[in-house]
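Residue numbering restarts at 1 for every chain, and letters A, B, ... go by the order of the sequence lines. All heavy atoms count here, side chains included; hydrogens, waters and symmetry mates do not. Source: prediction; values computed, not measured.
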2 protein chains.
Amino acid sequence: MYTKKIEEDLDCGIRVAAKVFGGKWKCCILDAINRGINRPADIGRYITDASARVIEMQLAELLFFGAIEKCAGEGFPKRTEYRLTPLGESILPILAQMDRWGLSHSEFIKERQRELENAEV
Amino acid sequence: MYTKKIEEDLDCGIRVAAKVFGGKWKCCILDAINRGINRPADIGRYITDASARVIEMQLAELLFFGAIEKCAGEGFPKRTEYRLTPLGESILPILAQMDRWGLSHSEFIKERQRELENAEV
DNA sequence: ACAATAACCGAAAAAAGATTCGGTAGGGAT
DNA sequence: ATCCCTACCGAATCTTTTTTCGGTTATTGT
């Protein structure tokens with residue numbers, strides 16, 4: 001895990017939230033686990049854009065901050081499975097709200113993004 | 001504004017949200033403007049931890065993506081003022097929810113953070 | 001026994017993002 | 001005229017985060 005050189009202010013709720021589920025792939029991982037995809041390798045196959053390494057690292061952080069828990073799987077080859085803890089579940093409504101907001105404005109934002117890219121050629 | 005080398009997926013609502021208000025200080029800036037602190041210099045004095053430059057840059061991005069608008073101030077020395085647009089206002093409930101979540105778990109997260117720091121000495 | 005898969009880790013490199021520094025230009029005050 | 005404050009901006013630098021790469025160990029299927 002990274003050690004920061006610049007002090008971070010955990011009295012601001014938003015910064016606390018960003019620390020726990022603010023990484024590039026953490027929201028996707030929480031979403032995947034919530035959908036029942038709970039083995040590392042499966043999560044990796046589900047989120048094809050992220051490397052296996054980053055998934056491991058972000059799983060480790062989610063685990064460390066108690067959003068998920070690690071347990072032995074049920075089936076025959078006993079493999080690692082991750083599950084949401086109550087803390088992790090309490091994040092889901094926020095993710096849903098952010099996703100709804102983003103989707104309802106995505107066309108507008110994409111259009112602005114295209115303008116930006118064309119201007120920069 | 002930065003141009004990314006790795007393609008970003010704006011079909012995911014959460015990524016769209018992160019793009020618009022995901023910077024380190026954008027939430028604070030939106031909060032400040034919402035509280036009626038709307039001139040750049042005042043925002044800079046309000047958010048003392050951030051440099052003037054980063055506030056300018058993040059104001060420019062919020063402006064570009066339409067979360068705030070720029071207008072001439074009312075008073076005698078006509079200075080720049082920023083205001084929330086309807087799009088910017090629609091972000092506020094999400095920030096409030098994130099802040100509430102973060103504050104209600106901040107003691108637990110701070111404790112974990114302390115453990116991490118002690119372990120790394 | 002052997003190949004394949006899973007889970008995981010360290011370290012280097014690359015990319016993204018934030019900060020610092022050194023400017024410009026305009027208006028107001030003395 | 002000079003000084004200060006405001007609003008900006010470009011570029012270099014530094015920090016943080018992500019990615020890539022090359023491993024280890026254990027387990028499973030053949």
Sorted by number, the residues of residues 6-26 of chain B with heavy-atom contact under 4.0 Å to DNA chain C: B:Ile6, B:Gly23, B:Lys24, B:Trp25
Any side-chain to backbone donor/acceptor pair from B:Gln58 onto B:Lys26? Under 3.5 Å, distance only. yes
Enter the distance from B:Cys27:SG to B:Ile47:CD1 here, rounded to the nearest 0.5 Å. 10.0 Å
Does A:Thr80 put a side-chain nitrogen or oxygen below 4.0 Å from OP1 or OP2 of C:dA6? no
Assess whether a salt bridge exists between B:Glu117 and B:Arg114, defined as any Lys/Arg side-chain N lying under 4.0 Å from an Asp/Glu carboxylate O. no
B:Tyr2 atom OH is separated from D:dG10 atom P, nearest whole Å, by 12 Å
Using a cut-off of strictly less than 4.0 Å between a heavy atom of the residue and any atom of DNA chain C, enumerate the qualifying residues of residues 54-65 of chain A by number. A:Glu56
Under 3.5 Å: donor-acceptor pair, side chain of B:Ser104, backbone of B:Trp101: yes
With a 4.0 Å cutoff (strictly under), does any side-chain N or O of A:Lys5 reach OP1 or OP2 of D:dT15? yes
Please state how far atom CD1 in A:Ile68 lies from atom P in C:dA7, giving the value in whole angstrom units. 13 Å
OP1 or OP2 of C:dC8 under 4.0 Å from side-chain N/O of A:Tyr82: yes
Quick check for you: to the nearest 0.5 Å, what is the distance between A:Arg53 atom CZ and A:Ile55 atom CD1? 11.5 Å
Within the pair B:Arg45 and D:dT6, is there a side-chain N or O less than 4.0 Å away from OP1 or OP2? yes
From B:Tyr82 OH over to B:Ile43 CD1, what is the distance, rounded to the nearest 0.5 angstrom? 8.0 Å
Between C:dA7 (P) and A:Ile29 (CD1): distance, integer Å: 13 Å
If only atom types and distance count, is the side chain of B:Arg112 paired as donor or acceptor with the main-chain N or O of A:Phe64 below 3.5 Å? yes
In terms of heavy-atom contacts, B:Gly36 and B:Asn38 come closest through O-OD1, 3.2 Å
Ignoring backbone atoms, test whether B:Arg53 places a side-chain nitrogen or oxygen under 4.0 Å from the OP1 or OP2 oxygen of D:dC14. no
The side chain of B:Arg79 lies closest to which of these nucleotides: C:dA7, D:dT6, C:dT19? D:dT6
Round to a whole Å and report the spacing from NZ of B:Lys4 to C1' of C:dA14. 14 Å
Spacing of A:Ile91 atom CD1 and A:Ile68 atom CD1 [to the nearest 0.5 Å]: 10.0 Å
